Student: 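The structure's right below; bear with me while I get my questions together.
These numbers come from a predicted model, not from an experiment. Naming: A, B, ... by sequence-line order, numbering from 1 per chain.
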Number of protein chains: 2
Amino acid sequence: MRQPAIPRKTLHNELVTLLRKMIMDGELVPGSRIPESRLCDLFGVSRTPLREALKVLSVEGLVCLLPNKGARVVHVTRKEMEEIVPVLGILASLAGELACANFKADELARIREMHTQLVEHYRSGNQQSYSEINRVIHDSIFEAAGNKALSDIYNMLQMRLRSIFFVTPKVPPQWADAVADHEAMMTALEDRDGARFAGIARRHLRHKADMVRIALDTLETRADAKDGHVGASAS
Amino acid sequence: MRQPAIPRKTLHNELVTLLRKMIMDGELVPGSRIPESRLCDLFGVSRTPLREALKVLSVEGLVCLLPNKGARVVHVTRKEMEEIVPVLGILASLAGELACANFKADELARIREMHTQLVEHYRSGNQQSYSEINRVIHDSIFEAAGNKALSDIYNMLQMRLRSIFFVTPKVPPQWADAVADHEAMMTALEDRDGARFAGIARRHLRHKADMVRIALDTLETRADAKDGHVGASAS
DNA sequence: AGGTGCTTTGCTGTCAGACACAAAGACTTT
DNA sequence: AAAGTCTTTGTGTCTGACAGCAAAGCACCT
């Protein structure tokens, strides 16, 4: 198995990584404008690589580029969320099917182990750790599926929603449902029952959508008055 | 329904469109290097917007950008094809489900009409027209599904395979199967039976993969000797 | 003769400065 | 106060420049 090409560094790639992280971590507020000049100052870089990085992020859907008006951090609307979630669901279900068909015993063992930790984090109410390991489990399943195109797309879409999922709190009843789903998916995986896994995965994502929907509703009504005014001011 | 934002023209966007077309039409040979200088000459453009266009195409997966080594037209490997096709299949099946749930009567009528034309083109053996209308039908179904994220991704993946599908001839027996699949999908659509549609769609794509696989096999064995030597020479 | 290391050459990655033009804001006029 | 004009800011593109990597060619050593 040859090493998948040492990731050579170029400035624009580095910038893509940095900006992506900043957006997903909420450091750059969704909807806010990001003038090239400010970013150039911030990173101490010229416009050339920066603009290239923005182009990339724009294709990835993290940034919105309006001609002559510059770049904004994408503000995912409710409608877009409603569109993306089913796609994530179907992709996850495919990943599950493929994983069921392909995984090796040790992969399954590792996943089961992580799942145990997941449940522990749920029991102790540690949202942070829960989300983290949840993510790792997902990644592992996609890895077991062995389909790079699939996981690339899944990751891309998930990144877009990251900022929303970020502000979605885990309320007890739904959280319990989510954990139950995970448990069911685990057993489906262990039975190599791809179809069952797929069904649960899609339902799971539907539940997730419900939660996000509620979170968005409260956010939207709260921000009803001061509409449109988002953005960080410079020093 | 507001017009989806008049597409403002910028040079790099224009370049993206042009290059994309050139790649998909096979004008730029897969695997061949494309030095910036040559493209600058070709389009009479400076490096700045051209490089930005290449970055976009690179994210879309049509071009492969190696640091310090420049851009190549992506050469989709057999493995990648095997990965992408199931994803296309599952996306199409989701599109079908959503379309079944959402389409209006007149949309269905239009699709049915196009399907009739499709069958005619099959009968008269007109591959060109067949492929074209086949594409339009797909687009219509995705439109009826009303999920932009879904169709965007589907289109992106399809573009990558375009160059391969391009060289895949339609041989009679499989072609007949394909038409039968289409007919079955039409009736599923008319019955608003999303699940049935989904099943057929995935099987349909599997068949398509079989055809491409055969086409690739013949190509690969034929190109076995003169390995690696692809690329257009300058004037 | 074959492999090893150096030089050359071409192209990429990044920078800096420039300017036209669009957009947004400030100001003036009626 | 509304409408039009001016100013300012920032983007889109061009030009020219240069360091640094890569591939190819060449000399050298064993």
Student: A:Pro49 side chain: which of D:dT11, C:dT14, D:dA22 is closest?
Tutor: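 From the listed options, C:dT14 comes nearest.
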Student: Where the side chain of A:Glu36 is concerned, which of D:dG10, D:dG12, D:dT13 is the nearest nucleotide?
Tutor: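 Selected nucleotide (nearest to the side chain): D:dG12.
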Student: Can you figure out which of C:dG13, D:dT13, D:dG10 approaches the side chain of A:Arg33 most closely?
Tutor: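 Of all the options, the side chain of A:Arg33 is nearest to D:dG10.
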Student: To the nearest angstrom, how far is A:Ile34 atom CD1 from D:dG10 atom P?
Tutor: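 Nearest whole value for this atom pair: 14 Å.
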Student: Output the rounded distance in Å from CG (B:Asn13) to C1' (D:dT11).
Tutor: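 Result: 13 Å.
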Student: Just the rounded figure in Å: distance from P of D:dT15 to CZ of B:Arg51.
Tutor: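 Taking atom P of D:dT15 as the reference, CZ of B:Arg51 is at 16 Å.
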Student: Using heavy-atom distances to pick each residue's nearest nucleotide on DNA chain D, tell me which of B:Glu52 and B:Arg47 is more 5'.
Tutor: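 The residue whose closest nucleotide sits nearer the 5' end is B:Glu52.
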Student: From the set C:dC15, D:dC21, D:dT11, return the single nucleotide nearest to any side-chain atom of A:Pro35.
Tutor: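 When the side chain of A:Pro35 is considered, D:dT11 is the closest of C:dC15, D:dC21, D:dT11.
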Student: Please compare A:Lys9 and A:Asn68 by the position of their nearest nucleotide in DNA chain C and report the one closer to 5'.
Tutor: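 Looking at DNA chain C, the more 5' nearest nucleotide goes with A:Lys9.
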Student: Could B:Arg213 and B:Glu82 be called an ion pair, given the rule that one side-chain N must be under 4.0 Å from one carboxylate O?
Tutor: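 Salt bridge present between B:Arg213 and B:Glu82.
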Student: Identify, between A:Ser46 and A:Pro67, the residue whose nearest nucleotide on DNA chain C lies closer to the 5' end.
Tutor: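 The answer here is A:Ser46.
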Student: Atom CG of B:Leu50 to atom C1' of D:dT13: distance rounded to whole Å?
Tutor: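 One finds 12 Å between C1' of D:dT13 and CG of B:Leu50, rounded.
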Student: How far does CG of B:Leu108 sit from CD1 of B:Ile141, to the nearest 0.5 angstrom?
Tutor: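 Those atoms lie 9.5 Å apart.
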Student: Grab the CG-P distance between A:Leu66 and C:dA24 for me, whole Å please.
Tutor: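 Rounded to whole Å, this separation is 10 Å.
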Student: Might you confirm whether atom CD of B:Glu143 has over 12 heavy atoms from other residues, nucleotides or ligands at distances under 6.0 Å?
Tutor: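 No, not enclosed.
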Student: May I have the distance from B:Lys55 (atom NZ) to C:dT12 (atom P), rounded to whole angstrom?
Tutor: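 Going from NZ in B:Lys55 over to P in C:dT12 covers 11 Å.
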Student: Taking the basic N atoms (NZ, or NE/NH1/NH2) and the acidic carboxylate oxygens, is any pair closer than 4.0 Å for B:Lys148 and A:Glu83?
Tutor: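 Salt bridge: no.
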Student: Please tell me if B:Thr48 has a side-chain N or O lying less than 4.0 Å from either OP1 or OP2 of D:dT13.
Tutor: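 No.
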Student: Looking across every strand, which nucleic acid part, if any, lies under 4.0 Å from B:Thr10 by heavy atom: base, sugar-phosphate, or nothing?
Tutor: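 Sugar-phosphate contact only.
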Student: Would you mind reading off the distance between B:Arg72 atom CZ and C:dC11 atom P, rounded to a whole angstrom?
Tutor: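 Nearest whole value for this atom pair: 14 Å.
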Student: Check every atom of D:dA22, D:dG12, D:dT11 against the side chain of B:His12 and return the nucleotide holding the closest atom.
Tutor: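 Within the option list, the nearest is D:dG12.
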Student: For A:Lys69 and D:dT9, what is the distance between atoms NZ and C1' respectively, to the nearest whole Å?
Tutor: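 Checked: the NZ to C1' distance equals 14 Å.
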Student: In terms of side-chain geometry, is the basic nitrogen of A:Glu80 or A:Arg160 positioned less than 4.0 Å from the acidic oxygen of its partner?
Tutor: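 Salt bridge absent between A:Glu80 and A:Arg160.
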